[in-house]
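Shown next, in structure tokens, is the structure this report addresses.
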Amino acid sequence: MSDIIYTKVDEAPELASASFLPIIQKFAAAAGVSVGTKDISLAGRILATFPEHLKEDQRQSDDLAELGRLVKTADANVIKLPNISASVPQLVAAIKELQSQGYALPDYPEAPGTDAEKAVRAKYDGIKGSAVNPVLREGNSDRRAAKAVKSFAQNNPHRMGDWVADSKTRVSSMSGGDFFSNETSATLDTEATAKIVLVTDAGETVLKEGITYPAGTVVDATFMSAAALQSFLAEQIEQTKADGTLFSLHMKATMMKVSDPIIFGHAVKAFLAPVFEKHGDAMADLGVNPNSGLGDLLARVKDNAEIMADIDACMAARPPMYMVDSDKGITNLHVSSDVIIDASMPALIRAGGKGWGPSGEESDANCVIPDNSYAPVYDETIKFFKENGKMNPATAGTVQNIGLMAQKAEEYGSHPTTFEIAEAGTVKMILDDGTVLHSHEVEAGDIWRSASARKAPIEDWVNLAIDRQKAEGCRAIFWLDADRAHDAELIKYVKPILEAKGVAEKFEIMAPREATRASFETITEGKNTIAITGNVLRDYLTDLFPILELATSAKMLSIVKLMNGGGLFETGAGGSAPKHVQQLQEENHLRWDSLGEFCALGESLTFLADAKGNEKARVLGQAVDAATQGILDHGHSPSRKVGEPDNRNSHYWFARYWAEALARQNSDAELAAHFAPIAEALASGEEKILSELAAAQGPAVDLGGYYHGDAAKTAAVMRPSETLNAIIG
């Protein structure tokens, strides 16, 4: 196993790796550090899942499973880039691309009938959504803006949209019948095995059995009423039209890969309710599944003039929709993975509460977030800005985050225990001793789910928060609602630990709405605070605050302190990656910013030095920090426009600043001597290298694929400077 594992992923981050990874490997080798790769891309995971369908030379090892074992050891040192958490349309598109490249993969069975089709579907379902993060995150999250990044953002504040007190933008959520209102929670005194059953007049159906929990696990169960959801969506569509705003649905249909695509499908059906009422059977015969989105629906019915005419009439009678791409007519409801709440809501808030409508103009929006568990965070944020106006990034403090996510904690671990209920009855979770832990009366179509958080990760999370607060000395808030069932169980862990450590007075416990306002008040005063949250809130807040503070969440320092001693270093968000790839393909310009990779690399090298006693790695890590500062100080981050410096330029400057820092340091003479000629070559070659990089931009490029590109073609595109390549090798 290599000293450091650098993950192979998808889209823009993987394109950037084609340019940056050779630099990392060249520099690390001088310190005796090996940097290898493991493939956790969507295409790689598909190929690893179906070896029996492939030729010998096409087969791929299950790198995700291998990394899953590694992160449970003290030897783990993994730099994890953002990978695709695939929706069904993305998964199907990746399968078709691989099939076109000669891989004899089975089709994705949309309506499996035979046992063989059900087996194939089960394998594919294990790939979609958040298949990667729960496997690798064997530790809790420490996310914050690196000091250099925060300082740069304050000295070079990004543009913020203006908020007005009478903005019509608002958040709408269900007032009952949702996951929040129906939640029950219990902490297990002893180790237990459980099963989940649906009891109806016809008898008992086992939905899941053999679920094991160690002692101390917090186990939740809840459901969303389909009838309540449908009523809510119908009301919001009408209210949006009355308000004259945009209808916008904000979901997490990638990470919540079972529940949220179903909710998304309800929204598609609600928006086109008259069409489904009239043509439901005909559309079903054409294979329409509203969960797959409006884009798939339109593709299936496009040749039926009557249905298309009724869709056009329905859309004309509905409120205008929040758009993903106004120019191409791609709406909020086209694909469930196009609008991901943790990126879409902060972007709208940063823009002054404005979203893009079908006319290509900005407008206020009704932000529809059906479940009320975390919607109050966004609701309170919008209210705060309506009252106080836009935030000033030049003077704002920062919100750090300590997130409970280890061992599939909370909702993100609920995929195997989430069910769309087939018929009315009672769902029960029954322990092996016969105890009914949870019980809910449900109707056909309701979405029932169970989630859990284990004792060891919870205790580790609280202790990590204590360490972080001690290091920062700033305000620290546990975002926990004493009136929510799950949070009440967590509070039973949090308070005794804080009291036993003698630090209870240094922490506050607030419900998410109150914590949101307190955090904005704190950073508006230029002070810092730590948000100590559960898994979903960790995800949401580490986009919300960085996008407002820094303009992006891709520049966050994200450290996962693995519970068995290893380190996982995450590099930032990839939500805008598809647009970056599109621009590269059309204009050979990649605007992806690798600052997250720079930050993760420095932490990884320092961790390696601490773990293995490799002092050369420590020197390399210190020089990475200097190089990152150089990129920021001299304005060498990528531009958004073709013809201007892009991701590849930033990698040249990073390599140069890194080499120069290593050449001038006096901690290791051998490294200084090794990198002096490299630094000189990079400096003397500046004009030619930049000219070669600039000359590559403009024409369309062929990567050999979107999900499974050709390595040689990608390398040619991402490493167009022969002068730089000769130096790096």
Side-chain angles (χ1 to χ4, degrees), residues 68 71-72 126 129-141 179-180 182-198 206-224 252 255-260 371 373-374 402-419 427-433 435-440 447-462 464 478-481 484-494 497 532-539 560 562-563:
V71 294
K72 295 178 181 178
S130 57
V132 171
N133 290 338
V135 174
L136 299 187
R137 287 173 170 169
E138 280 289 318
N140 291 309
S141 170
F179 293 126
F180 178 79
N182 290 323
E183 184 177 77
T184 55
S185 184
T187 301
L188 300 177
D189 294 329
T190 60
E191 181 180 354
T193 300
K195 66 177 180 178
I196 301 168
V197 300
L198 172 62
V206 176
L207 301 177
K208 183 81 173 179
E209 58 186 346
I211 312 166
T212 58
Y213 301 110
T217 301
V218 176
V219 183
D220 310 327
T222 187
F223 74 98
M224 178 176 282
K252 187 71 170 178
M255 294 294 278
M256 299 306 301
K257 65 181 182 180
V258 180
S259 59
D260 282 27
D371 181 47
S373 295
Y374 306 109
I402 298 297
L404 170 62
M405 68 178 191
Q407 298 180 358
K408 305 178 183 179
E410 301 187 318
E411 293 98 330
Y412 285 167
S414 67
H415 312 138
T417 50
T418 300
F419 309 96
V427 177
K428 297 180 179 181
M429 174 175 276
I430 305 173
L431 303 184
D432 47 4
D433 65 0
T435 301
V436 177
L437 192 65
H438 298 294
S439 179
H440 294 97
I447 308 165
W448 188 96
R449 77 181 184 207
S450 178
S452 65
R454 299 185 174 199
K455 179 180 180 180
I458 296 170
E459 292 177 337
D460 178 81
W461 169 63
V462 179
L464 183 59
F478 280 91
W479 291 46
L480 297 172
D481 183 353
R484 179 181 173 184
H486 169 76
D487 289 7
E489 295 299 308
L490 288 188
I491 291 172
K492 294 176 184 177
Y493 274 107
V494 171
I497 295 174
I532 310 155
T533 71
N535 204 349
V536 175
L537 266 180
R538 169 202 59 81
D539 213 355
V560 181
L562 299 171
M563 291 175 62

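Checking side-chain atoms of T418 against main-chain N and O of S414 turns up a donor-acceptor pair under 3.5 Å. Judged by distance alone, with hydrogens and angles left aside, the side-chain atoms of D220 form no donor-acceptor pair with the main-chain N or O of S185 at under 3.5 Å. T533 places a side-chain N or O within donor-acceptor distance of the main-chain N or O of R538, the cut-off being under 3.5 Å. Of the possible polar contacts, none joining the W448 side chain to the T417 backbone as a donor-acceptor pair under 3.5 Å is found. Looking only at distances, no side-chain donor or acceptor of Y213 sits under 3.5 Å from a matching main-chain atom of A194. W461 places a side-chain N or O within donor-acceptor distance of the main-chain N or O of I402, the cut-off being under 3.5 Å.
To the nearest 0.5 Å, the span separating CG on L431 from CD1 on I211 amounts to 10.0 Å. Atom CD in Q407 sits 14.0 Å away from atom CZ in R137 (nearest 0.5 Å). T193 OG1 to I430 CD1: the interatomic distance, rounded to the nearest 0.5 Å, is 13.5 Å. For the atom pair I497 CD1 and I458 CD1, the distance stands at 8.5 Å (nearest 0.5 Å). In this structure, NZ on K72 lies 11.5 Å from CG on L562, to the nearest 0.5 angstrom. From D371, atom CG reaches atom OG1 of T222 across 7.5 Å, with rounding to the nearest 0.5 Å.
A heavy-atom distance below 4.5 Å is not found between the side chains of F478 and I491. For the pair E411/K252, no side-chain contact is recorded, criterion being any heavy-atom separation below 4.5 Å from C-beta on. Counting heavy atoms from C-beta on, the side chains of V560 and L136 never come closer than 4.5 Å. Taking 4.5 Å as the limit, every side-chain heavy atom of Y412 sits out of range of all side-chain heavy atoms of M405. Contact annotation: the side chain of N535 never approaches that of L404 to less than 4.5 Å [non-hydrogen atoms, C-beta and beyond]. Contact of the M429 side chain with the S450 side chain is registered, since non-hydrogen atoms from C-beta on lie closer than 4.5 Å. Between Y374 and V536, some side-chain heavy-atom pair lies under the 4.5 Å cut-off. Here the side chains of M563 and P457 are in contact, with some heavy-atom distance below 4.5 Å.
Of all heavy-atom pairs spanning E489 and A186, the tightest one is OE1-C, 4.1 Å. Minimum heavy-atom separation, I447 to F179: O-CE2, 3.4 Å. Pairing each heavy atom of T212 with each of R454, the nearest pair is O-NH2, 3.9 Å. Heavy atoms only, all atoms of each residue included: V71 and G68 are closest at CG2-O, 3.3 Å. Smallest separation of non-hydrogen atoms from S452 and T217: CB-CG2, 3.7 Å. The minimum heavy-atom distance between K455 and A215, with the atom names listed, is CB-O, 3.9 Å.
Other residues, nucleotides and ligands place no more than 12 heavy atoms under 6.0 Å from the NZ atom of K408. Crowding of E209 atom CD: a count of heavy atoms from other residues, nucleotides or ligands under 6.0 Å not exceeding 12.
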Side chain to side chain contact (heavy atoms under 4.5 Å, CB included) evaluation trace for F419 with V427 | CA-CA 10 Å; F419 309 96; V427 177; over 6 Å; no
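Considering H438, H486, H440, R484 in turn, R484 is the only one that fulfils the side chain to side chain donor-acceptor pair (under 3.5 Å) rule with E183.
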